[in-house]
Amino acid sequence: MIEIKKLCAVTVKSDCSLSVQETVAYFKDDVQVSVDSVSNYELVPGDLLDGKPDEVVRIANALWTPEVIAAWSAAHPKIEPEIEIIEVTDSDTSISTDDTLAVEIAEEEISAP
């Protein structure tokens, strides 16, 4: 009979972030015969722990004090992307054959040594 065990390896990094590897191991007669990686992920101080393995939650709760979370947040500020809204107007974007030829000639002249 094959016994299945869910395993979880947690590595604590120097900045108190966690590297988590979840696996499923298969045993026959108390000897591991196979292992499958289920998921690998990183967690940083302040991340939500809902649905994470008990081992991960215990380690995070022990390490991630309010001071650690504040220090992490200060060291890694969230940068909001700048978004520029450009107004698009309807215009005729068709190019005539003569315009295309002129562009091709200009490109050749520019690239010639």
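Since this is a predicted model, take the numbers as computed values, not measurements.
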Chemist: Does Ser17 offer a backbone N or O that forms a donor-acceptor pair with the side chain of Asp15 under 3.5 Å?
Modeler: yes

Chemist: Measuring from atom NZ of Lys13 to atom CG of Leu43, what distance do you get when rounded to the nearest 0.5 angstrom?
Modeler: 10.5 Å

Chemist: Using 0.5 Å steps for rounding, measure from the CD atom of Glu22 to the NZ atom of Lys52.
Modeler: 7.0 Å

Chemist: Between Glu42 and Asp47, what is the shortest heavy-atom contact and its length?
Modeler: O-OD2, 4.2 Å

Chemist: Identify whether Ile2 and Val38 are in the same connected component of the hydrophobic contact network (ILVMFWY, side-chain heavy atoms under 4.5 Å).
Modeler: yes

Chemist: Do the side chains of Val20 and Val44 join up, straight or via other hydrophobic residues, at under 4.5 Å, putting them in one cluster?
Modeler: no

Chemist: Nearest 0.5 angstrom please: Trp64 CH2 to Leu18 CG, how far?
Modeler: 4.5 Å

Chemist: Rounded to the nearest 0.5 Å, what separation is found between the CD1 atom of Ile59 and the CG atom of Asp54?
Modeler: 11.0 Å

Chemist: Do Leu7 and Val56 sit in one hydrophobic cluster, given that two such residues count as connected whenever their side-chain heavy atoms are within less than 4.5 Å of each other, even indirectly?
Modeler: no

Chemist: How far apart are the closest heavy atoms of Thr65 and Ala62, and which atoms are they?
Modeler: CG2-O, 4.4 Å

Chemist: Rounded to the nearest 0.5 Å, how far does CE of Met1 lie from CG of Asp29?
Modeler: 11.0 Å

Chemist: Answer with yes or no whether the hydrophobic clustering places Val57 together with Tyr41; edges join I, L, V, M, F, W, Y residues whose side-chain heavy atoms lie under 4.5 Å apart.
Modeler: yes

Chemist: Give a yes or no on whether Val68 and Leu63 share a hydrophobic cluster (residues Ile, Leu, Val, Met, Phe, Trp, Tyr; joining criterion: side-chain heavy atoms under 4.5 Å apart).
Modeler: yes

Chemist: Could you tell me if the side chain of Ile4 sits less than 4.5 Å from the side chain of Val24, heavy atoms only?
Modeler: yes

